[in-house]
Amino acid sequence: MAHPLRLKILCILGGNGEFSVQDIVEQVGTSQSNISQHLSILRDKGILTSRKDANKVYYRIGDPKVVRVIDGLREAFCSANSKR
């Protein structure tokens, strides 16, 4: 979770539903392949869950305990424009 891009991803997700990969790419501002690699790591560690709908993949935080941790991180580290 400590990688800067992963923190940005978690700030975006922050327990507020789910976002498509493209939504995350647009908000983070890096390549889709880079974001996909980080999303895969977070999913493999059980931090995120995903679902596929047609040609889009949507991610959300998968564990309520992680949501509480992310809430604290968002308060400490996420910029105001990342909060929803």
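Treat the numbers as computed from the prediction; the structure is a model and nothing was measured.
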### Message
Measuring from atom CG of Leu48 to atom CD1 of Ile41, what distance do you get when rounded to the nearest 0.5 angstrom?
### Response
11.0 Å

### Message
If hydrophobic clusters are built by linking Ile, Leu, Val, Met, Phe, Trp and Tyr wherever their side-chain heavy atoms come under 4.5 Å apart, do Val25 and Tyr58 end up in the same one?
### Response
no

### Qualifying salt bridge (Lys or Arg N to Asp or Glu O under 4.0 Å) pairs with a residue from residues 18-43, counting only residues at least two apart or across chains
Glu18-Arg51, Glu18-Arg60

### Summary
Sorted by chain and number, sequence neighbours left out, side-chain contact (heavy atoms from CB on, under 4.5 Å) with Lys65 holds for Asp63, Arg68

#### Entry: Separation of Ile47 CD1 from Leu39 CG (nearest 0.5 Å)
11.5 Å

### Query
Given Leu13 and Ile24, is the side chain to side chain contact (heavy atoms under 4.5 Å, CB included) satisfied, shown in steps?
CA-CA 8 Å; Leu13 294 174; Ile24 297 167; 4.2 Å; yes

### Query
Does the pair Gln27 and Phe19 meet the rule for a side chain to side chain contact (heavy atoms under 4.5 Å, CB included), with working shown?
CA-CA 10 Å; Gln27 291 190 45; Phe19 290 83; 3.8 Å; yes

### Query
Given the rule that I, L, V, M, F, W and Y join up when any side-chain heavy atoms are under 4.5 Å apart, are Val69 and Tyr59 in one cluster?
yes

## Note on the structure
Value for CG (Leu42) from CD1 (Ile61), rounded to nearest 0.5 Å, stands at 9.0 Å

### Task
Provide the closest heavy-atom pair for Val57 versus Ser50 in the form atom of the first, atom of the second, distance.
CG1-CB, 4.0 Å

#### Entry: Of all pairs that satisfy side-chain hydrogen bond (donor to acceptor under 3.5 Å, both in side chains), the ones with a partner from residues 31-40, not counting sequence neighbours
Arg6-His38, Thr30-Asn34, Ser31-Ser33, Asn34-His38

